[in-house]
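Since the structure is predicted, the reported quantities are computational estimates derived from the model, not experimental observations. Atom set for the values below is all heavy atoms of this structure, side chains included, hydrogens, waters and symmetry mates excluded.
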There are 4 protein chains.
Amino acid sequence: MSPLDKLTAYFEKFPGVGARQAKRFAFHILTLRPEQTHDLANLINGLANSVVECSSCRRFFPAQAQGERLCSICDSTQRDRTKLLVVARDNDITAIERSGVYDGLYFVLGGTIPLLTNNDTTLRLRTPALKAVVNERLPQGLSEIIFGFAVNPDGENTTRYVESAIKELPGAEDLKMSALGRGLSTGSELEYADGETIKSALKNRS
Amino acid sequence: MSPLDKLTAYFEKFPGVGARQAKRFAFHILTLRPEQTHDLANLINGLANSVVECSSCRRFFPAQAQGERLCSICDSTQRDRTKLLVVARDNDITAIERSGVYDGLYFVLGGTIPLLTNNDTTLRLRTPALKAVVNERLPQGLSEIIFGFAVNPDGENTTRYVESAIKELPGAEDLKMSALGRGLSTGSELEYADGETIKSALKNRS
Amino acid sequence: MSPLDKLTAYFEKFPGVGARQAKRFAFHILTLRPEQTHDLANLINGLANSVVECSSCRRFFPAQAQGERLCSICDSTQRDRTKLLVVARDNDITAIERSGVYDGLYFVLGGTIPLLTNNDTTLRLRTPALKAVVNERLPQGLSEIIFGFAVNPDGENTTRYVESAIKELPGAEDLKMSALGRGLSTGSELEYADGETIKSALKNRS
Amino acid sequence: MSPLDKLTAYFEKFPGVGARQAKRFAFHILTLRPEQTHDLANLINGLANSVVECSSCRRFFPAQAQGERLCSICDSTQRDRTKLLVVARDNDITAIERSGVYDGLYFVLGGTIPLLTNNDTTLRLRTPALKAVVNERLPQGLSEIIFGFAVNPDGENTTRYVESAIKELPGAEDLKMSALGRGLSTGSELEYADGETIKSALKNRS
């Protein structure tokens with residue numbers, strides 16, 4: 001395979017990119033100036049070293065001081081340490097922080113667990129690491145875990161799977177576990193809402 | 001204008017129909033057999049007489065016994081008469097009844113009130129009729145009004161407008177008024193949710 | 001079935017209309033004033049009598065003088081009677097006349113013939129009538145038939161089917177038969193064009 | 001700006017990529033194994049050296065033998081050297097070669113010239129290089145230039161601009177210049193075709 005084809009193959013694995021767009025990306029690289037391709041290659045090469053995976057919530061953050069292992073949220077004394085919001089990906093945290101309505105801590109599971117694959121241990125994502133975090137925080141006052149996965153079958157399966165994994169922990173009996181509330185989201189029209197959404201919207205009326 | 005053009009003009013006023021589709025509709029009429037066009041014309045002509053507007057909730061229902069004025073929901077002794085859910089259109093009631101999670105009564109406002117037009121009295125829809133219904137029901141135990149309008153600026157404006165109209169009624173002080181709960185609706189992903197939705201989803205976690 | 005449901009069922013058979021939109025149409029009828037529903041019903045009822053199917057090209061045109069059987073195009077002395085353009089539907093003629101680039105006559109086949117159904121005689125549409133028209137026009141100087149069906153498998157099948165039906169006519173040997181030219185249509189980009197389109201575009205370069 | 005943000009900024013300049021997808025790309029890089037990021041970075045860094053811009057048609061091709069300057073098409077003795085097809089981008093050549101219906105030579109202009117910017121010399125793309133190629137080939141028998149730009153205002157402007165630039169060359173009087181033929185492209189329906197397309201489809205009937 002030629003370098004052009006190899007590069008195109010890498011681009012095809014980028015999220016949401018098809019064969020034709022991957023090829024356009026490769027031709028786009030050819031239009032860059034040498035200092036730009038050099039810079040881009042360096043950024044890709046060094047990215048893993050420029051970010052640190054937070055040892056607590058597992059999201060990526062820019063590496064700064066030597067040896068720093070906690071992201072600014074996990075390290076903050078301003079956050080409510082009794083709450084832990086479990087999400088699929090880093091980008092979910094970005095959306096929630098932008099809304100400015102949550103002051104607890106997070107944990108990034110790394111994805112969702114597809115329905116019918118609960119027995120495939122390779123799909124447990126960071127469930128073991130989450131259990132360790134919960135285990136460590138329980139004596140420190142952690143009292144509630146909130147699941148923030150997508151409102152679809154895989155998201156619901158992930159909530160069930162992770163919830164029962166946490167329940168196995170000694171001392172988890174008193175832990176409150178909840179999922180983000182359902183209801184009419186912005187732009188929703190009642191006429192097109194499904195039964196589950198209407199039910200939640202009625203229950204959560206305010 | 002030819003009859004074909006006149007008919008096309010009527011079809012263009014049907015909800016969601018453009019010029020080209022309206023013309024296709026007219027040609028479709030030409031493909032019907034005479035007994036079909038006759039039947040269709042009779043149905044259109046007689047529709048208003050075949051349905052009755054419920055004197056209470058204002059939705060349309062099939063006319064049956066002579067003089068019947070209340071729809072099956074408003075007439076039922078099984079429904080919780082302390083709750084009144086106000087919606088924009090008949091179709092909203094269909095969606096809620098299909099979900100089977102609401103046992104109170106309804107009122108069809110007839111649409112939503114566009115933002116910035118609150119002073120245009122022609123846009124108040126059935127607000128006066130709603131006030132009359134609430135006034136009549138207050139002594140009979142009505143204790144809560146739920147607004148079920150779309151989650152968009154017009155829907156919210158309608159909620160505000162109708163809510164303050166009802167508050168003017170004597171005896172409305174103790175009436176609980178709420179809107180359907182917001183949150184993540186089925187299919188929603190956190191990453192793409194707006195701040196208002198995230199806020200409600202967090203508040204309504206369960 | 002209630003009249004509302006019956007009417008909704010008629011609307012569901014309108015081209016491109018689904019169950020929910022059909023119901024919206026029915027409710028729309030309920031919002032019309034009595035004189036409007038009356039007018040609409042009359043138009044539907046009388047449409048077939050207000051238009052005449054041209055005895056030559058078979059398109060519909062507004063009935064005017066008593067006994068008139070030919071549309072303005074077929075009746076015109078300005079049109080080139082050596083050419084006959086066969087299309088699927090009345091609307092196709094509208095599009096071509098709007099472009100102002102064709103001066104011959106037309107024939108409306110009434111649809112296209114789906115691939116693999118050539119032996120189903122109910123799907124031959126107006127092929128027999130077309131043969132009669134061609135047969136009548138051959139001695140009058142008809143020299144070319146152009147097929148203007150969609151550029152897709154059904155359209156191509158229709159061209160093949162109708163072409164061989166016409167070839168069976170005595171005297172059809174010298175008739176020129178062609179299909180509308182393929183090529184890049186407005187908005188096309190070469191990169192996304194299929195091989196057949198590129199081939200025609202190269203052949204028809206000018 | 002952090003390396004993550006810098007990398008995201010590069011990805012945002014990739015064709016057809018928005019802010020959110022660019023961020024997903026950056027997180028995707030973080031999921032790659034070190035040998036993969038290294039390989040990807042090397043491919044990006046070395047791409048410009050792994051391909052050669054053909055000195056004749058200007059498309060990119062894999063560099064092989066030392067000093068090779070002509071791509072396999074321009075170097076082939078099987079191609080018809082009397083024809084030159086001018087296209088906007090490398091990908092256009094891929095589409096045409098895939099169709100297997102063209103046996104002449106190519107020239108990649110490097111884009112199209114937006115309408116109303118003909119006087120901006122920075123937008124002339126490779127027009128000067130094209131003139132040089134034509135000038136060199138005229139004595140060798142070049143007799144026809146075909147323009148293969150998109151069927152839209154910019155594509156048509158490019159055809160006009162490049163055509164008049166070539167006409168300035170001494171000896172270009174006898175050069176035949178044409179554009180790819182228009183017509184109904186695969187999937188087109190007559191009813192939705194514009195006048196220009198119908199006109200060409202009628203002219204190019206076959």
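- Counting heavy-atom pairs under 4.5 Å between each of A/D90, A/V17, A/L32 and chain D puts A/D90 at the top.
- Residue pairs meeting the salt bridge (Lys or Arg N to Asp or Glu O under 4.0 Å) criterion with at least one member in residues 35-51 of chain A, sequence neighbours excluded: A/R33-A/E35.
- For the options D/T31, D/T37, D/V51, D/I44, heavy-atom pairs under 4.5 Å to chain A are most numerous at D/I44.
- The local environment of NZ in D/K131 is crowded, with over 12 non-hydrogen atoms from other residues, nucleotides or ligands closer than 6.0 Å.
- A donor-acceptor pair is defined here as one N or O able to donate and one able to accept, closer than 3.5 Å; such a pair exists between the side chain of D/R126 and the backbone of D/V108.
- A pairwise comparison of heavy atoms in D/Y161 and D/S164 identifies O-OG, 3.1 Å as the closest pair.
- For a residue to count as touching a neighbouring chain, one of its non-hydrogen atoms must lie under 4.5 Å from one of that chain's; by this rule D/F27 touches chain A with the side chain only.
- At a heavy-atom separation below 4.5 angstrom, chain A is approached by D/S2, D/P3, D/L4, D/K6, D/L7, D/Y10, D/F11 within residues 1-12 of chain D.
- Between the CZ atom in D/R69 and the CZ atom in D/F61 there is a gap of 7.5 Å [rounded to 0.5 Å].
- For A/E53, no part lies near chain D; criterion is any non-hydrogen pair under 4.5 Å.
- Contact tally against chain A (heavy-atom pairs below 4.5 Å) for D/P15, D/P62, D/S50: the top residue is D/P15.
- Note: D/T82 OG1 to D/E144 CD = 7.5 Å, rounded to the nearest 0.5 Å.
- In this structure, the portion of D/H28 lying under 4.5 Å from any heavy atom of chain A is its side chain and not its backbone.
- For the pair A/R79 (side chain) and A/C74 (backbone), a donor-acceptor distance under 3.5 Å is absent.
- Sorted by first and then second residue, the salt bridge (Lys or Arg N to Asp or Glu O under 4.0 Å) pairs with a member in residues 100-110 of chain D read D/K83-D/D103; sequence neighbours excluded.
- Residues meeting the side chain to side chain contact (heavy atoms under 4.5 Å, CB included) test with A/A88, sequence neighbours left out: A/D92, A/T112, A/F149.
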